[in-house]
Amino acid sequence: RAIDGLERVFAFGPAAERSIEVDPRTVDVARLRELRDQRFNRLSFGVQDFTPLVQKAVHRVQPYEQVAQLMQASRELGFESINADLIHGLPLQTPDSLARTVEQMGSLRPDRIALYAYAHLPRRFKPQRRIDADQLPTPAQRVTMLSRAITGFLSQGYAYIGMDHFALPDDALAAAKRQGRLHRNFQGYS
């Protein structure tokens, strides 16, 4: 109903990008189908990491197989673009464990990947109060994680868009970068 209401008020072009972020723990194929029926054409999966110990430490357990099935279903349903969000610097995460996550994510071939740095701010974000700060990686480990992740995604054929974003070479974001038309502001890249 919200989309129908927006379309009554605003004129959407035929090539409008309609994007929504989904949590792999709470979305299923039926919900993906509903989102596609509501004319969403881009999905972003909030994954964070595929390492079971890390997932448990951040209270976001979603096995690789589950994410893989959801991404495959999204392609079959006709979503034009799939993004995945990962985070480096999480509790119990190591350079080797993140490298495995990077490899696994690359095997799923999302069109875009965002690799954000974890910021531990438990006074500001209540869910972070359950995270044991003693389990966070050191600054040196975090730098190694980022460096190895960039190398990993580049070796899998992703273009490094900048800061924390990667895209497959045929993605519009990668094309815009090659053509010098890429811009970034506080909301991200366009």
Side-chain angles (χ1 to χ4, degrees), residues 1-88 90 98 100-116 118 125-127 130 149 152-153 156-159 161 164-177 182 184 187-190:
R1 288 185 263 170
I3 297 297
D4 292 335
L6 287 170
E7 287 183 339
R8 281 192 295 276
V9 177
F10 300 102
F12 284 78
E17 293 183 5
R18 300 165 186 239
S19 182
I20 189 167
E21 183 169 346
V22 294
D23 183 335
R25 299 171 302 162
T26 60
V27 74
D28 58 19
V29 175
R31 182 67 179 133
L32 291 174
R33 187 174 293 108
E34 289 173 14
L35 293 170
R36 190 67 188 111
D37 290 345
Q38 293 171 24
R39 298 170 298 286
F40 283 98
N41 53 18
R42 293 178 171 268
L43 282 178
S44 182
F45 286 91
V47 175
Q48 298 188 355
D49 191 286
F50 284 127
T51 307
L53 283 175
V54 174
Q55 290 180 351
K56 203 171 177 184
V58 297
H59 311 284
R60 282 192 61 111
V61 176
Q62 67 229 351
Y64 166 83
E65 296 77 16
Q66 178 183 2
V67 175
Q69 289 171 353
L70 291 168
M71 283 192 182
Q72 180 61 37
S74 299
R75 287 186 178 90
E76 291 169 3
L77 290 167
F79 284 92
E80 296 169 22
S81 181
I82 297 173
N83 178 79
D85 293 341
L86 296 176
I87 299 177
H88 69 91
L90 294 169
L98 182 61
R100 282 190 299 278
T101 290
V102 166
E103 187 177 316
Q104 289 174 297
M105 185 56 73
S107 74
L108 297 178
R109 303 305 285 171
D111 301 282
R112 297 177 182 177
I113 299 168
L115 177 64
Y116 299 113
Y118 176 71
F125 301 108
K126 187 176 180 181
R130 298 185 301 165
F153 287 129
Q156 294 172 7
Y158 282 88
I161 302 304
D164 45 24
H165 284 71
F166 303 84
L168 291 174
D170 59 345
D171 184 84
L173 210 53
K177 182 177 180 181
L182 186 65
R184 182 171 173 91
Q187 292 182 318
Y189 288 101
S190 62

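Classification of the F153-F166 ring pair by plane angle, with boundaries at 30° and 60°, yields tilted.
Rounded to the nearest 0.5 angstrom, D28 CG and R33 CZ are separated by 9.0 Å. A distance of 4.5 Å separates CD1 of I161 from CG of L173, quoted to the nearest 0.5 Å. Rounded to the nearest 0.5 Å, atoms CZ (R100) and CG (D49) are 9.0 Å apart. Here the straight-line distance linking atom CG of L43 with atom CZ of R112 works out to 12.5 Å at 0.5 Å rounding. Separation of atoms OG (S19) and CG (N41) is listed at 8.0 Å; rounding is to 0.5 Å. D164 contributes atom CG, which lies 7.5 Å from atom NE2 of H88 (distance to the nearest 0.5 angstrom).
When side chains are defined from C-beta on, V22 counts as touching L35, because their heavy atoms get closer than 4.5 Å. Contact annotation: the side chain of R25 never approaches that of V61 to less than 4.5 Å [non-hydrogen atoms, C-beta and beyond]. Taking the side chain as every heavy atom from C-beta outward, S107 and Q156 never approach each other to under 4.5 Å. Annotation: side chain of F45 is not in contact with side chain of N83 (no heavy-atom distance under 4.5 Å).
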Inset, instruction - Dump the intermediate steps for side-chain contact (heavy atoms from CB on, under 4.5 Å) on D85 and V47, then the final yes or no. - result: CA-CA 6 Å; D85 293 341; V47 175; over 6 Å; no
Inset, instruction - Give the intermediate values and the outcome of salt bridge (Lys or Arg N to Asp or Glu O under 4.0 Å) for residues K177 and D171. - result: CA-CA 10 Å; K177 182 177 180 181; D171 184 84; over 6 Å; no
Inset, instruction - Give the intermediate values and the outcome of side-chain contact (heavy atoms from CB on, under 4.5 Å) for residues Q48 and Q55. - result: CA-CA 8 Å; Q48 298 188 355; Q55 290 180 351; over 6 Å; no
Legend entry - Intermediate values then yes/no, salt bridge (Lys or Arg N to Asp or Glu O under 4.0 Å), R31 and E34: CA-CA 5 Å; R31 182 67 179 133; E34 289 173 14; 2.9 Å; yes
Inset, instruction - Determine, stepwise, if the pair F50 / L108 fulfils side-chain contact (heavy atoms from CB on, under 4.5 Å). - result: CA-CA 12 Å; F50 284 127; L108 297 178; 4.0 Å; yes
Legend entry - Worked verdict on I87 versus V58 for side-chain contact (heavy atoms from CB on, under 4.5 Å): CA-CA 11 Å; I87 299 177; V58 297; over 6 Å; no
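Pairing each heavy atom of M71 with each of P110, the nearest pair is CE-CB, 4.4 Å. Between P24 and G46, the closest heavy-atom pair is CD-O, 3.2 Å.
Geometrically, R18 does not engage F40 in a cation-pi contact defined by less than 6.0 Å to the ring centre and at most 45° from the axis.
Ion pairing between a basic and an acidic side chain is recognised when a charged N comes within 4.0 Å of a carboxylate O; R42 and D111 show no such pairing.
With Q72 as reference, E76 is the one residue of Q69, R75, E76 to meet the side chain to side chain donor-acceptor pair (under 3.5 Å) rule.
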